[in-house]
Amino acid sequence: MAYSLTVNGETRLIDMPGDTPLLWVLRDGLHLTGTKYGCGVAACGACSVHVDGQAVRSCQTLLEDAANAEVTTIEGLGTPENLHAIQAAWLEHQVAQCGYCQSGQIMQAAALLAETPQPTDAEIDEAMGGNLCRCGTYPRIRAAVHSAAATLKG
Amino acid sequence: MGRVKTIARRTFLIGSAAIAGGVAFGTWQYKKAIPNPLLADEAYTLTPYVLIDANGVTLITPRAEMGQGVQTTLAALLAEEMDLDWDQVQILHGPASRAYFNAAILEEGAPFVPTDTSWLAETVRGAMHIPAKFLGMQITGGSSSTPDAFDKMRAAGAVARAALVDAAAQRSGFAAGDLITARGAVVLPDGTEIPYADLAADAANSDLPDTPPLKPQSEWRLLGRALPRKDMLGKVTGTAQFTADIRYPGMLFATARSNPGLGAGVTSYDAKAALAYPGVEDVIEVPNGVAVVANSTWAAFKAMELVEIVWDPAPYAGTDAEMRAQVEASLTADHQDSRNRDDGDVAANLPTDAWTAEYTVPYLAHATMEPMTAGAWLDGDRLRVWAGNQLPTQVLKEGAAITGLDETAIDVETPVMGGGFGRRAEMDFIKQAITVAKALPNRPVLLTWTREEDMTHDAFRPMAMGRISGTVAGGEIKALDLHLAAPSVISSQMGRIGLNLPGPDATIVQGAWEQPYTFPNYRVTGYRVPAGVPVGSWRSVGASQNAFFHESAVDELAYLAGVDPLEFRLNQIDHLPSRKVIEAVAAASNWGNPPAGRARGVAFCLSFGVPTAEVIEVAMTPQGLQMTGAWAAVDVGIALDPSIIEAQVQGGMIYGLSAAINGEITFDGGHVQQTNFPDYDGLRMPQCPPIAVTVLENGSKIRGIGEPGTPPAAPALANAIFALTGQRIRALPLGKAIGFA
């Protein structure tokens, strides 16, 4: 059976088994490849997306459970021509090295700032602790989250 | 495939057609030897780094972008000499070609300490470029990309610029000497600007000049500055295309399971249940394993679990306890591999009751964020391969061997990769993808390993051991004797690509034998552990273990001597750039005055020619030990991009700290026991201290910085733990001996 899913504001019909993780629906079904596969067990955060505004691990969210929900991926957060404030801050601080974890880091940070507009270092650490970066971009992520918070405050 | 291949198949340099196809420029010292892979006509034997077409200037940056920013820095070298504005520059990795061989990669293996700049040492290092060229290996590793490219790519830019100026001179009637270049154009004395794109066809038809003088450093506009990375926008918007993000019509999705006994083959397998799984197209035997091909990666993962496979046994000892016994048993004269350092008379100056300690480190996985992934497509009579890899010329060889095609019928694309750290110099996953593509002609196939396959099928950093003795007198080390045992990374790694490099393996003693200490009696002996588990290059290679051994020992002796550990090092190093980095971390950290309740450790290592000193500060909290501060100072000779260098040093340190605290791969029954991040974790943001980096330029040569940040991290942390708690931990990972927050 086909499932209906709203991704980045667009309603899509997905003809994949209901127990397919959202990650693979996005990547192999919809070819939205900004969301990455890192571990498959919710241990690294590379696959983070927003489902109804909450940051979730798409590798652990089944298609049948996300049906009818609003999904936002990195492609929906902002585009190269129209960056979200968090992406602009990542650019300003030149955060990414290999970049593979950064979609997940940015989606996690976006959820943090939606909830806690002016986070402390400790709150950033707490919120971002589930997002692994093997290149070691943490110092710049911290700085970029603060920058984005300042921008969003206006 | 990428734009380069499209261009390469066209006819070049014929009248106005040249501008449609693009024009390639470049030069270097052996310019006649290797065909230009951008040119269909091999009569033009220029090394191609500069491509000009109607879209503007594209710079070829033929080193793997693993996150280290190399393509940005290589492009800046060309753009500087060509007087391009940074926002005019487009970059491409380019095709696999021997023309892009890495000359600097073998220098690290020369038997001269990096601080030796004598005629003989430099001559031998220069001679290492010849076998490097003979091997024709386009390889990214060894922190060698920047040193290799520094002259070569600036020269290519300068030649291209000179040819364009000549073309403008002929067209305008002005003398070349009256013309200047700016903003990607030749500027005539009357102010008229002729864009390079308008001159490219003329320039390509003229003889290229010899390399003109390069710009003096004082005139640099791009080099020496923090430039916006060319890969950044794509990486923050999810639009950067990693291997698994490249899609072709009709593409199939595959995964493979390989023998958990590393390197062994398949006895038999039963694919019946997997073939019945919805979406599965085929099950194919591949090197060392079996692959499932399906209509989605998830279907392939699920069906893979249904394939019943009988494996051949692992060709090495079963448990890490047995492996450790082999390492220990190798510290004997008959396993001696090298003794490149033997200053003074160690034997005569070490009393029988001298201080002695043994240090051990475990196997380590690379654990890149992106699991091993490769795409392949047998498209008619051509093979296309797209895979993040550090050795594209080897992909040509493997592709030819598997398919029977000539290397000229193979296109290799090297997308940005989700971390490399040495792992993507291996060919295992790429060979599997090519094998699947061969079995399914005319179907593009993307093969993705699960994290579990990735973690359990690495070419690991070897288990290693150091047995060290020393004695102090008058507040200094009088004798230091290091016996270092490890299997040969070079022999294991080169063996897998069919090369046999004879002689001692410098990586067994790397990070120890070449240190700039002035101990009067100083001996470093390497012992080769018999080959077992496949081992490979892991960020900083031998220095990753030997710096821990060496710098822990120096620290222990500092305490025995009753001298401050930082002063102790400074008192026994006379190499100026090395002294300066130690002084820099001392100043930056306000060494000697840690906040109440905190303690610091220091470590130093000269690796890949870069003197690096690091200080780590720790405190005990109710949750366990917490790192509260970190400082690093490095000397790269010439700092081309301070922001990228800072990021590499921070990242290198964090990579080293991750391994120091958590990293351990163990074996049972010949199989790796850690399968995913929960049992092989990296440092997380709450554990990561602020890291301040100082970049110095006192060294005599330009150096690469991908690796040097890693080696001092583990000993600096271990030494800090000793300073805080009095607990001397001699076996990694530290987390087994002390609890971390």
Side-chain angles (χ1 to χ4, degrees), chain A residues 16-17 19-21 23-25 27-29 31-41 43-44 46 73-75 77-80 83-84 86-88 90-91 94-103 106 122 124-142, chain B residues 65-69 226 228-229 231-242 244-245 247 253 278-279 295-299 301 367-371 416-421 448 450-452 643-644 647-648 650-655 658 676-678 681-686 688 690-691:
Chain A
M16 292 176 88
D19 62 354
T20 307
L23 168 65
W24 299 109
V25 172
R27 288 190 56 82
D28 294 354
H31 302 297
L32 287 168
T33 55
T35 305
K36 304 302 185 199
Y37 166 64
C39 70
V41 297
C44 78
T73 69
I74 186 75
E75 292 92 342
L77 190 72
T79 62
L83 295 174
H84 184 280
I86 294 174
Q87 293 167 314
W90 249 245
L91 201 60
Q94 296 279 297
V95 171
Q97 291 186 30
C98 89
Y100 196 80
C101 73
Q102 298 297 344
S103 295
I106 289 168
I124 295 172
D125 284 358
E126 169 76 22
M128 304 299 292
N131 288 72
L132 180 64
C133 171
R134 291 285 289 159
C135 297
T137 62
Y138 301 132
R140 290 189 182 186
I141 290 176
R142 266 192 213 118
Chain B
E65 183 53 73
M66 303 179 271
Q68 78 281 41
R229 283 174 60 146
D231 54 348
M232 193 59 67
L233 185 62
K235 288 176 176 179
V236 303
T237 53
T239 55
Q241 290 211 309
F242 295 81
D245 304 337
R247 298 301 156 101
F253 299 88
N295 62 1
S296 80
T297 305
W298 179 246
F301 282 5
T368 60
M369 283 305 298
E370 176 196 29
V416 293
M417 51 206 83
F421 313 125
T448 304
T450 60
R451 170 59 57 195
E452 289 78 8
S643 170
I644 287 175
Q648 283 306 295
Q650 290 178 336
M653 227 174 152
I654 290 170
Y655 199 71
S658 293
N676 205 318
F677 292 126
D681 206 0
L683 205 69
R684 300 290 179 143
M685 199 184 292
C688 181
I691 303 173

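Chain letters run A, B, ... following the sequence lines, proteins first and then strands; every chain starts at 1.
- Residue contact with chain A, scored on non-hydrogen atoms closer than 4.5 Å, involves the backbone of B:Ala240 exclusively.
- Here the side chains of A:Trp24 and B:Phe253 are not in contact, with every heavy-atom distance at 4.5 Å or above.
- Contacts of A:Leu83 with chain B are made by side-chain atoms alone, with heavy-atom separations under 4.5 Å and no backbone atom involved.
- At a 4.5 Å heavy-atom cutoff, the contact between A:Thr20 and chain B is made by backbone and side-chain atoms alike.
- Both the backbone and the side chain of A:Leu91 have a heavy atom closer than 4.5 Å to some heavy atom of chain B.
- The contact between A:Arg134 and chain B is made by backbone and side chain atoms together, counting heavy-atom distances below 4.5 Å.
- Nearest approach of A:Ile124 to B:Met685, heavy atoms of both residues: CG2-SD, 4.0 Å.
- Only the backbone of A:Val95 comes within contact range of chain B, with heavy atoms under 4.5 Å apart.
- Interface summary for chain B: among A:Ser103, A:Ala96, A:Cys44, the most heavy-atom pairs under 4.5 angstrom belong to A:Ala96.
- In this structure B:Phe242 satisfies the ring-ring contact (aromatic ring centres under 6.0 Å, His included) test together with A:Tyr100, sequence neighbours excluded.
- Annotation: ring-ring contact (aromatic ring centres under 6.0 Å, His included) contacts of B:Tyr655 (sequence neighbours excluded): B:Phe421, B:Trp538.
- With respect to chain B, the highest number of heavy-atom pairs below 4.5 Å among A:Met16, A:Gln87, A:His84 belongs to A:Gln87.
- For the set A:Pro21, A:Ala88, A:Gly78, A:Gly34, the count of heavy-atom pairs under 4.5 angstrom toward chain B peaks at A:Pro21.
- Taking chain B as the reference chain and counting heavy-atom pairs below 4.5 Å, the highest number among A:Gln102, A:Met128, A:Gln94 is found for A:Gln94.
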